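The block underneath contains the structure these notes are about, expressed in structure tokens.
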Amino acid sequence: MAIEPKISRKDLKLKQPDQFQVLNARFVKFCLENRGALIIVALVIIAVVAGFLFYSQLEKSNVLEMENRYFKLDKLRIQMEKEPTPALFSQMQEMLSGFTEGPQKIRARLLLADIHFREGRYGAAETLYQDVINNISQNDFKYNVAQSGLAYSLEGKKDYKRAIKIYKSIIDSAHGFPLFYTYVALSRCHELSGDPKSAILVLREIQSKFQRHSDIGKVSLMIRRLEG
């Protein structure tokens with residue numbers, strides 16, 4: 001009887017079609033059948049990548065320009081502290097309008113608002129502080145700085161009710177913001193608005209929360225004065 005030749009696994013594997021070649025052939029066929037659509041997709045991808053790189057470079061250039069502008073503005077502030085003149089401040093206000101919206105403009109607004117406040121222009125300071133509040137996240141430290149500046153400006157305008165409301169808002173929501181002097185300002189506004197009892201209650205709260213503060217002794221004197 002004739003003996004059939006044995007076929008090894010290696011021989012069976014060789015007789016089967018190569019999977020890589022099959023997949024490669026299918027891929028080539030797919031590309032040939034859809035080459036128009038593939039060209040469009042490739043062009044879109046290239047355009048998106050190029051646009052992203054262009055925008056990133058433009059954004060980086062803008063940030064550097066705004067930082068340079070803020071540096072110049074801060075130099076003018078130093079000049080203002082030495083010799084304040086209307087012309088110099090007018091130049092600073094003109095520079096502010098040249099900022100694009102972003103972190104540098106937020107800092108520039110705060111800088112000019114502080115100058116307005118020190119010069120007693122509380123209305124102008126209030127406007128700039130409010131602009132900062134409207135253009136920044138509540139989680140940003142500068143948000144609380146602007147809120148505090150706004151409250152001080154309202155206090156300067158003798159609008160004690162609104163100032164009290166903002167001081168309370170800072171106390172209730174601020175994270176990592178130093179609150180000792182916010183409490184003091186809140187007490188002061190209660191007193192100035194004719195409510196010494198509320199002022200004393202706030203001062204008592206200060207004594208409880210800030211026992212180790214360097215100015216805690218002044219709080220005791222304020223309580224004694226209010227209690228007569």
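As the structure is a computational prediction, the values presented were derived from the model and not from experiment.
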Any cation-pi pair here, R107 with Y70, using under 6.0 Å and within 45°? yes
Any side-chain donor near an acceptor of the partner, Y129 and D114, under 3.5 Å: yes
Distance-only donor-acceptor check, side chains S173 and Q138, under 3.5 Å: no
So F210 and Y183, side chain to side chain contact (heavy atoms under 4.5 Å, CB included) or not? Walk me through it. CA-CA 10 Å; F210 304 95; Y183 274 100; 3.5 Å; yes
Smallest separation among heavy atoms of Q211 and I216, with atom names: O-CG2, 3.7 Å
Looking at side-chain heavy atoms only, is the closest gap between S137 and Y143 below 4.5 Å? no
Shortest non-hydrogen separation from I136 to I106 and the atoms involved: CD1-CG2, 3.9 Å
Considering all heavy atoms of both residues, which atom of A163 and which atom of A151 are nearest to each other, and what is their separation? CB-O, 3.6 Å
Can I200 and M222 be said to form a side chain to side chain contact (heavy atoms under 4.5 Å, CB included), step by step? CA-CA 8 Å; I200 292 171; M222 292 167 70; over 6 Å; no
Closest contact, heavy atoms only, M66 versus T100: SD-N, 3.4 Å
Shared hydrophobic cluster for F180 and Y152 (ILVMFWY, side-chain gaps under 4.5 Å): yes
L112/L73 under side chain to side chain contact (heavy atoms under 4.5 Å, CB included): CA gap, chis, key distance, verdict: CA-CA 9 Å; L112 263 70; L73 185 68; 3.9 Å; yes
In this structure, CD1 of I78 is separated from CD of E83 (nearest 0.5 Å) by 15.0 Å
N-O pairing of E191 and R225 below 4.0 Å: yes
Answer yes or no: is there a side-chain heavy-atom contact under 4.5 Å between I170 and I166? yes
In one Ile/Leu/Val/Met/Phe/Trp/Tyr side-chain cluster, 4.5 Å: F99, V132: no
Answer yes or no: is there an ion pair linking E81 with R77, defined by an N-O contact shorter than 4.0 Å? yes
Do I115 and M92 make a side-chain contact, defined as non-hydrogen atoms from C-beta onward lying under 4.5 Å apart? yes
Could E94 and K72 be called an ion pair, given the rule that one side-chain N must be under 4.0 Å from one carboxylate O? no
Run the salt-bridge test on D140 and K142 with the 4.0 Å N-O cut-off and return the result as yes or no. yes
Can you find a heavy atom in the side chain of I223 that is under 4.5 Å from one in the side chain of Q207? yes
Is the backbone N or O of P86 less than 3.5 Å from a side-chain atom of S90, with the two atoms forming a donor-acceptor pair by type? no
Side chains of D215 and Y181 in contact at under 4.5 Å (non-hydrogen atoms): yes
For the student: nearest non-hydrogen atoms of Y160 and E155, plus distance: CE2-O, 3.8 Å
State whether the side chain of T127 and the backbone N or O of G123 hold a donor-acceptor pair below 3.5 Å, judged by distance alone. yes
Is there a path of hydrophobic side-chain contacts, each under 4.5 Å between heavy atoms of I/L/V/M/F/W/Y residues, joining L179 to F141? yes
In short, S187 meets A199 closest at the heavy-atom pair OG-O, 3.0 Å
Show your reasoning for whether side chain to side chain contact (heavy atoms under 4.5 Å, CB included) applies to K161 and S193. CA-CA 8 Å; K161 288 185 178 180; S193 64; 5.8 Å; no
Rounded to the nearest 0.5 Å, what's the gap from CG on D159 to SG on C189? Could you check? 9.5 Å
Output yes when a side-chain donor or acceptor of S148 lies under 3.5 Å from a complementary backbone atom of V145, and no otherwise. no
Does some side-chain heavy atom of L96 sit less than 4.5 Å from a side-chain heavy atom of L128? yes
To the nearest 0.5 Å, what is the distance between CG (L221) and CG (L226)? 11.0 Å
d(F177 CZ, T182 OG1) to nearest 0.5 Å is 5.0 Å
Less than 4.5 Å apart, any side-chain heavy atom of Q79 and any of L76? yes
State, yes or no, whether a side-chain contact exists between Y122 and L154 at a heavy-atom distance under 4.5 Å. no
With rounding to the nearest 0.5 angstrom, report the OG to CD distance, S153 to E126. 7.0 Å
Are I171 and I164 joined in one hydrophobic group, where the rule is that I, L, V, M, F, W and Y side chains link up if heavy atoms are under 4.5 Å apart? yes
Report the distance from atom CG of L203 to atom CZ of R224, rounding to the nearest 0.5 Å. 12.5 Å
Kindly indicate whether a cation-pi arrangement holds for R121 with F89, taking the cut-offs as under 6.0 Å to the six-membered ring centre and within 45° of the axis. yes
